[in-house]
Amino acid sequence: MKIRLYFEKENLIRLAVAMVFAAVMFAVIRFPVWVLFGFGVLYFGIKSLKIELNEKLSWLWSAIMLGTGGIFTAYHIQYLLLDAELRAKISDNKMLLNVLCCLVVFLAVQVFTSNTGLTCLISHIVLLSLAGINYFVYLFRGNEFIFSDLKSIQTGLSVAGNYEFVLDERAGYVILLSTLYIAFIRKLHVSFQKRIPMSIVSISLAVLCCAYIGKHTQGVVTETWEQKGSYRNGYILNFVLSIRDCFIAQPDGYSKEAVKELEDQYSKETDTATGETEKKPTIIVVMSESYADLSVVGNFSTNIDLTPFYDSLEENTIKGHALSSVFGAKTPNSEWEFLTGNSMAFLPSGSVVYQQYITDTPTSLVSNLKNIGYTCVAMHPYYDTGWSRNIVYPNMGFDETHFIDDFDQTKILRDYITDQELYEKIVDRYESKKSNEDLFIMSISMQNHGGYTEKYDNFDEKARMLGINYPDVNQYLSLIHESDSALEYLISYFEKVDDPVEIVFFGDHQPSLSSSFYPYLNGKGLGGLTLSELENLYTVPFFIWTNYDSGKESVELTSLNYLSTLALERAGIALPAYNQFLADMMEEIPAVNSRGFYSKSQGKFLHVEDAAGEDAKWLKNYEILQYNNMFDKRNKSELIFPYLKQ
């Protein structure tokens, strides 16, 4: 290896280019002058180098360049996306997997270029550009860019002009260092005349890296909320996992014939009459953020009754507990299970449907109601970009969407808009409806969102546990008490209206509380639980209430994927084919979620893969229909899953 400096006329041009670039960076990011001066000197020095590598050692130089390139790129991306505190959270093993992911890209490009310097240049720019896209996507919507987002890239580009593209100091340093890296790598000329041996070695190493990555990520899930993907998995690894999770294999026994058999059984023409009610009722759904009855996990005492109004509801009410598929987070999965009747049981652990698997026009409660004349309204007193709802809701067919800017933002409890304000908005929309308008409102609250450790001047905590002090639990219980008061306002209003109204209320998941609280409550904590004990942590309360005579019923256990079917039955609306299937399945399997299912015949919880007999048959057919609905675009059954009428 020979290194020497050389000075030619072009050096002045290079120096001028470096100074102009530095001036631009100074104007955009306001870097200290000494940083830009140092960059100019280094850039000028690198461009003035002439490096001659021993051709006999091409394999060695190539290995060094590819290895250091993968390491530099992986760490560079983490530096771009995370501050120092979050960067420190990623484990060494996960960081190694990120380096290997980058190395696979380098090796793949090497096969086509046979020039290691060009390989490093192309690979670094491509990977850093991907991270750059994620950098801006996170600024705009608050969560990370993953593979499935490519499906909505056209929508993203159409609204990109509404946002301001801003670079922070870390991004500036990344640009400067990448510029120096690219300038230096262009000085290293390592090429191979014999492409076949080089290609064989590169492909073999890439396959070995992929095998290692696959083996060590079998239990690792794609993270899609905020920056968890970057600080738990590392961004490049998380993106790779999102590619893996995008491709759902056909279930065993899936075929057009199997779908046709179910189609023949359940797609008989349904009567769209609304049953006993003379007029289709207004249907209002409230998915209450983190609303839970913690007594299902273990007994405890409080200084006041937490939910006196909820507990008093009996007349014209079906009431009980339902299994959610999530604990402490990932609200949209509960929303999706309710709206579609589908289950997270057949999707990868940790996935978020709204960001990974949602189709352009999914069949759901929205499309079913809209197809029989309902006006469908979505309300969520938070930002529209949360969990990509600004894209999902229009695709689902909602006629109206109301997000945080449509609410009175002075009505805040802690940092979130109150349940009371949400319910007042629901009442306002009901009062403004036309006389002949059939109305469906899907609302998702925010008041009780975690965390629960900070103190707030605008929140008086009224509830507390007796005998032990958990400040976060006390705050959570006080919030639930406030929710109960707001719920009383909502029901009391609709008790007095003349038109028929149905209100569906359920929690999305249990809250994430102090790590020692659940061990205190159930005596075991989150580990070492039987499946039945684990399911208690995924259990949330629900009720379906009407302001007309519908009787009262207690449901010991169901699951969120069944609730929309129960709501349609209670409203007197004829069940679409898929909901009829779910109603029949519910008789045999009363509850199913991402953790398992309750077998009525065996009287206990089981994992889906342990199902036998009739249970296995129902679950197999359920998975077949869900796959057909979500993934088999070419052979989707229009009789079981009718498209949204335009």
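All heavy atoms count here, side chains included; hydrogens, waters and symmetry mates do not.
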Any side-chain heavy-atom pair from [X] and [Y] closer than 4.5 angstrom?
X: Tyr291; Y: Phe506; value: no
X: Ser199; Y: Ser202; value: no
X: Tyr518; Y: Leu537; value: yes
X: Thr73; Y: Phe106; value: yes
X: Leu100; Y: Val104; value: no
X: Arg87; Y: Tyr231; value: no
X: Leu323; Y: Val592; value: no
X: Met446; Y: Ile417; value: no

Does [atom1] belonging to [X] count more than 12 external heavy atoms closer than 6.0 Å?
X: Tyr383; atom1: OH; answer: no
X: Arg464; atom1: CZ; answer: no
X: Glu85; atom1: CD; answer: no
X: Arg186; atom1: CZ; answer: no
X: Lys94; atom1: NZ; answer: yes
X: Tyr456; atom1: OH; answer: yes

Would you say the side-chain atoms of [X] and [Y] include a donor-acceptor pair closer than 3.5 Å?
X: Glu289; Y: Thr331; answer: yes
X: Ser483; Y: Gln447; answer: yes
X: Asn115; Y: Thr113; answer: no
X: Ser324; Y: Ser334; answer: yes
X: Asp293; Y: His321; answer: yes
X: Thr530; Y: Ser532; answer: no
X: Glu337; Y: Ser325; answer: yes
X: Asn469; Y: Asn474; answer: yes
X: Ser559; Y: Asn561; answer: yes
X: Gln110; Y: Thr116; answer: yes
X: Asn233; Y: Asn238; answer: yes

What pair of heavy atoms forms the shortest contact from [X] to [Y], and how long is it?
X: Ala131; Y: Tyr235; result: CA-CE2, 4.2 Å
X: Cys102; Y: Ile236; result: SG-CG1, 4.2 Å
X: Tyr181; Y: Gly69; result: OH-CA, 3.4 Å
X: Gly451; Y: Gln475; result: O-OE1, 3.9 Å
X: Ala249; Y: Tyr627; result: O-CE1, 3.6 Å
X: Ser599; Y: Leu606; result: CB-CD1, 4.1 Å

Give me the ring orientation class for [X] and [Y]: parallel if the planes are under 30° apart, tilted from 30 to 60°, perpendicular past 60°.
X: His76; Y: His124; answer: tilted
X: Phe403; Y: His380; answer: perpendicular
X: Tyr354; Y: Tyr393; answer: perpendicular
X: Tyr622; Y: Phe346; answer: perpendicular

Mind checking the [atom1]-[atom2] spacing from [X] to [Y]? Nearest 0.5 Å is all I need.
X: Tyr452; Y: Ser512; atom1: OH; atom2: OG; answer: 8.0 Å
X: Ile213; Y: Leu208; atom1: CD1; atom2: CG; answer: 11.0 Å
X: Ile404; Y: Thr385; atom1: CD1; atom2: OG1; answer: 10.0 Å
X: Asp632; Y: Ile248; atom1: CG; atom2: CD1; answer: 13.5 Å
X: Leu107; Y: Leu66; atom1: CG; atom2: CG; answer: 6.0 Å
X: Asn342; Y: Gln626; atom1: CG; atom2: CD; answer: 4.0 Å

Determine yes or no for a side-chain-to-main-chain donor-acceptor pair under 3.5 angstrom, with [X] supplying the side chain and [Y] the backbone.
X: Tyr75; Y: Met95; value: no
X: Asn593; Y: Gly596; value: yes
X: Ser351; Y: Leu347; value: no

Can you list the residues that meet the side-chain contact (heavy atoms from CB on, under 4.5 Å) rule with Ser478, with sequence neighbours excluded?
Phe459, Glu461, Ala463
Apply ring pair (Phe, Tyr, Trp, His ring centres under 6.0 Å) to Tyr357 and Trp336, showing your working.
CA-CA 11 Å; Tyr357 308 115; Trp336 173 79; 8.4 Å; no
Test log, rule side-chain contact (heavy atoms from CB on, under 4.5 Å), inputs Thr179 and Phe184
CA-CA 9 Å; Thr179 303; Phe184 179 73; over 6 Å; no
Is there a side-chain contact (heavy atoms from CB on, under 4.5 Å) between Phe300 and Ile468? Walk through the geometry before answering.
CA-CA 10 Å; Phe300 63 96; Ile468 192 168; over 6 Å; no
Would you check if the distance from the ring center of His449 to the ring center of Tyr416 is below 6.0 Å?
yes
What verdict does the ring pair (Phe, Tyr, Trp, His ring centres under 6.0 Å) test give for Tyr476 and Phe517, after you've listed the backbone C-alpha separation in whole Å, the side-chain angles of each residue and the deciding distance to 0.1 Å?
CA-CA 12 Å; Tyr476 170 75; Phe517 171 67; 8.8 Å; no
Test log, rule side-chain contact (heavy atoms from CB on, under 4.5 Å), inputs Asp508 and Val326:
CA-CA 8 Å; Asp508 58 347; Val326 293; 5.9 Å; no
For Tyr538, run the side chain to side chain donor-acceptor pair (under 3.5 Å) check against Gln510, His509, Arg595 and tell me which one passes.
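Passing option: Arg595.
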Applying side-chain contact (heavy atoms from CB on, under 4.5 Å), run through Trp387 and Val352 and close with a yes or a no.
CA-CA 8 Å; Trp387 297 118; Val352 178; 3.7 Å; yes
